[in-house]
Trainee: 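Sharing a structure with you now.
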Amino acid sequence: MKQAQAQHFMPVGHLARFSVEPVAVPVRRRVLHLYDKRSGSFRSAKAEKVAFENDLYTTRTPDLAGIQHVPDQLLRAVFDPAYKDSDIEGVKADIEQSGLAAMRAIESWEAGLRELTEEERAPLLAYVGLLLAQHPTMMSAQ
């Protein structure tokens, strides 16, 4: 399986919730209206084309057997695309799926106060934690 290079730090399913497109439009294709604070301009874009960075979650587990402690050799081994690890992306997708499902369930509840069970709370907390941890600013600080 080829790992996606463009990895969303804000899940597409979450972004699509801010679209006015009908539910029949696939999540990735829903259009969002965006404001760029830097340029002061407005634009529209599909949810799949927003809030991503290339190789944001890519980890590499190089085979360093036989590699001498020479910086150039180490760098080549560590950044060799053959050693990309997609496990993180798969786990991240599971957390997103559970969190978004929990949000959809909450939307179906009647208005008013309600105490969450641990089963209802856990996927939401994991999802919110993931959103905070996977922002590019947080990722670069690691």
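Model, not experiment: these values are computed from the prediction.
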Trainee: Where is the tightest heavy-atom contact between G13 and V27, given as atom of each residue plus distance?
Mentor: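 Minimum heavy-atom contact is CA-CG1, 3.6 Å.
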Trainee: Please check if V91 and L130 belong to a single hydrophobic cluster, counting links between Ile, Leu, Val, Met, Phe, Trp and Tyr side chain heavy atoms closer than 4.5 Å.
Mentor: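 Yes.
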Trainee: Check whether any side-chain N or O of S108 sits under 3.5 Å from a backbone N or O of A105 as a donor-acceptor pair, and report yes or no.
Mentor: yes
Trainee: Return the CZ to CD distance between R121 and E115, rounded to the nearest 0.5 Å.
Mentor: 7.0 Å
Trainee: Any salt bridge between R30 and E21, counting N to O under 4.0 Å?
Mentor: no
Trainee: Which pair of heavy atoms, one from L34 and one from A45, lies closest together, and at what distance?
Mentor: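 Closest pair (atom of L34, atom of A45, distance): CD1-CB, 3.9 Å.
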Trainee: How long is the straight-line distance from OH of Y127 back to CE of M103, given to the nearest 0.5 Å?
Mentor: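 That separation rounds to 5.0 Å.
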Trainee: CG of L124 to CG of L100: how many Å apart, nearest 0.5 Å?
Mentor: 10.0 Å
Trainee: V50, M10: one ILVMFWY side-chain cluster at the under-4.5 Å cut-off?
Mentor: yes
Trainee: Over all heavy atoms of both residues, which pair between P123 and A102 is shortest? Give the atoms and the distance, please.
Mentor: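 Residues P123 and A102, closest heavy atoms: CG-CB, 4.2 Å.
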Trainee: Excluding sequence neighbours, so at least two apart, what forms side chain to side chain contact (heavy atoms under 4.5 Å, CB included) with A122?
Mentor: E118
Trainee: Would you say the rings of H33 and F18 are close, in the sense that their centroids are separated by under 6.0 Å?
Mentor: no
Trainee: Atom CG of L32 and atom OG of S44: how far apart are they, to the nearest 0.5 Å?
Mentor: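 Separation between the atoms: 8.5 Å.
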Trainee: Considering residues, nucleotides and ligands other than E119, do more than 12 of their heavy atoms fall under 6.0 Å from its CD?
Mentor: no
Trainee: Stepwise, does the side chain to side chain contact (heavy atoms under 4.5 Å, CB included) test hold for E120 with W109?
Mentor: CA-CA 12 Å; E120 294 166 329; W109 296 350; 3.5 Å; yes
Trainee: Run through K92, E96, R17 and flag the one making a side chain to side chain contact (heavy atoms under 4.5 Å, CB included) with P11.
Mentor: E96
Trainee: Under a 3.5 Å distance rule, please check whether S41 uses its side chain to pair with a backbone N or O of D36 as donor and acceptor.
Mentor: no
Trainee: Working to the nearest 0.5 Å, report the span between NZ of K49 and CG of L15.
Mentor: 13.5 Å
Trainee: To the closest 0.5 Å, what do you measure between CZ (R104) and CD1 (I106)?
Mentor: 11.5 Å
